[in-house]
Amino acid sequence: QVELVESGGGLVQAGGSLILSCVASGRTFSSYVMVWFRQAPGKEREFVAAIGWRGVSINYEDSVKGRFTISRVNAKNTVYLQMNSLKPEDTAVYYCARTMTWDGYRDVKSFDSWGQGTQVTVSS
């Protein structure tokens, strides 16, 4: 069972920045597509960003394009989410997940292992 540990969340004013980290257990981190999701209160968990095995293929949800940057360091089993120009609507618990393929990478049903998440709160 993989363990995913997210960190880096906090309270920030609108327009501010945060960097989230997710450390995954296991020796095969570089074999996985890593994905960030978020879940706001009363809403379904939604896709945010995904990054391929070597960090070349990257996809973003439209509302975060140009503001968020996903990256990874395979030697550290870590994926990051740099969040700039934060908006109150970015307030959510952020989760990372992993998948072997790009099939269904935007769909939460494709994932069966989640970390505890990290809370991001953006004040207006």
Side-chain angles (χ1 to χ4, degrees):
Q1 182 78 6
V2 66
E3 182 179 18
L4 300 165
V5 180
E6 302 93 339
S7 63
L11 173 64
V12 63
Q13 289 187 333
S17 298
L18 284 173
I19 301 176
L20 305 185
S21 300
C22 170
V23 180
S25 63
R27 299 180 180 179
T28 59
F29 178 80
S30 61
S31 299
Y32 290 90
V33 175
M34 297 301 297
V35 187
W36 284 99
F37 287 84
R38 65 185 178 186
Q39 188 166 17
K43 295 187 177 181
E44 294 185 349
R45 196 167 297 187
E46 65 175 5
F47 168 77
V48 176
I51 186 168
W53 309 275
R54 293 181 294 172
V56 175
S57 297
I58 291 175
N59 288 282
Y60 295 101
E61 194 269 329
D62 286 347
S63 69
V64 307
K65 285 181 181 177
R67 301 189 298 120
F68 290 11
T69 302
I70 188 171
S71 61
R72 66 191 296 164
V73 178
N74 288 339
K76 294 185 177 181
N77 279 20
T78 303
V79 59
Y80 303 95
L81 188 67
Q82 170 75 51
M83 306 186 296
N84 298 328
S85 303
L86 282 161
K87 303 175 181 180
E89 50 263 45
D90 294 318
T91 294
V93 178
Y94 283 71
Y95 301 88
C96 69
R98 69 176 196 175
T99 177
M100 291 291 290
T101 77
W102 283 100
D103 294 339
Y105 72 96
R106 291 175 178 252
D107 187 349
V108 295
K109 296 182 180 66
S110 299
F111 303 87
D112 59 5
S113 182
W114 300 91
Q116 83 289 347
T118 186
Q119 175 71 49
V120 172
T121 303
V122 184
S123 63
S124 57

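In the hydrophobic clustering of this structure, Val35 does not group with Ile70; members are Ile, Leu, Val, Met, Phe, Trp, Tyr whose side-chain heavy atoms approach within less than 4.5 Å, directly or through other members. Using a 4.5 Å cut-off between side-chain heavy atoms of Ile, Leu, Val, Met, Phe, Trp and Tyr, with links allowed through other members, Tyr60 and Val48 fall into the same hydrophobic cluster. No continuous path of hydrophobic side-chain contacts links Tyr80 to Met34 [ILVMFWY only; heavy atoms under 4.5 Å]. No continuous path of ILVMFWY side-chain contacts below 4.5 Å connects Phe47 to Met100, so the two sit in separate hydrophobic clusters. Cluster annotation: Val5 and Leu81 are assigned to distinct hydrophobic clusters (Ile/Leu/Val/Met/Phe/Trp/Tyr, side-chain heavy-atom contacts under 4.5 Å, transitive).
Heavy-atom minimum distance, Ser113 versus Leu4: O-CD1, 3.7 Å. Nearest heavy-atom pair across Ala14 and Ser124 is CB-CA, 4.4 Å. The shortest non-hydrogen separation linking Gly9 to Thr118 is N-OG1, 2.9 Å. Annotation for Val33 and Arg72: closest pair CA-NH1, 4.3 Å, computed over non-hydrogen atoms. Taking each heavy atom of Val73 and Phe29 in turn, the nearest pair found is O-CE2, 4.1 Å.
Using a 4.5 Å cut-off on side-chain heavy atoms (C-beta onward), Val120 and Leu18 make contact.
The stretch residues 5-28 participates, sequence neighbours left out, in these side-chain hydrogen bond (donor to acceptor under 3.5 Å, both in side chains) pairs: Ser17-Asn84. Residue pairs meeting the salt bridge (charged side-chain N to carboxylate O under 4.0 Å, His left out) criterion with at least one partner in residues 86-99, sequence neighbours excluded, are Arg38-Asp90, Arg67-Asp90. Under the salt bridge (charged side-chain N to carboxylate O under 4.0 Å, His left out) criterion, no residue pair touches residues 109-124, with sequence neighbours excluded. Screening residues 51-124 for disulfide (SG to SG under 2.5 Å) gives Cys22-Cys96 as the qualifying pairs, with residues at least two apart or on separate chains. Sorted by first and then second residue, the disulfide (SG to SG under 2.5 Å) pairs involving residues 27-68 (not counting sequence neighbours) form an empty list.
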*Output, in order, the C-alpha distance, side-chain angles, deciding distance and verdict of side-chain contact (heavy atoms from CB on, under 4.5 Å) for Gln119 and Thr91.*
CA-CA 8 Å; Gln119 175 71 49; Thr91 294; 4.1 Å; yes
_Between Leu86 and Phe68, is the side-chain contact (heavy atoms from CB on, under 4.5 Å) condition met? List the steps._
CA-CA 9 Å; Leu86 282 161; Phe68 290 11; 3.8 Å; yes
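With Glu61 contributing its side chain and Lys65 its backbone, the two residues share no donor-acceptor pair below 3.5 Å. Put simply, the side chain of Thr78 gets close to the backbone of Lys76: a donor and an acceptor are under 3.5 Å apart. One N or O on the side chain of Asn77 and one on the backbone of Ala24 form a donor-acceptor pair closer than 3.5 Å. Between the side chain of Trp36 and the backbone N or O of Ala49 there is no donor-acceptor pair closer than 3.5 Å.
Trp114 has its ring centre less than 6.0 Å from the ring centre of Phe37. Aromatic pair Phe111/Tyr105: centroids not less than 6.0 angstrom apart.
Separating the CG atom in Leu11 from the OG1 atom in Thr121 is a distance of 6.0 Å, to the nearest 0.5 Å. Here Asp103 contributes atom CG and Ser110 contributes atom OG; the two are 8.0 Å apart, rounded to the nearest 0.5 Å.
Considering only residues two or more places apart in sequence or on other chains, Ser57 meets the side chain to side chain donor-acceptor pair (under 3.5 Å) condition with none of them.
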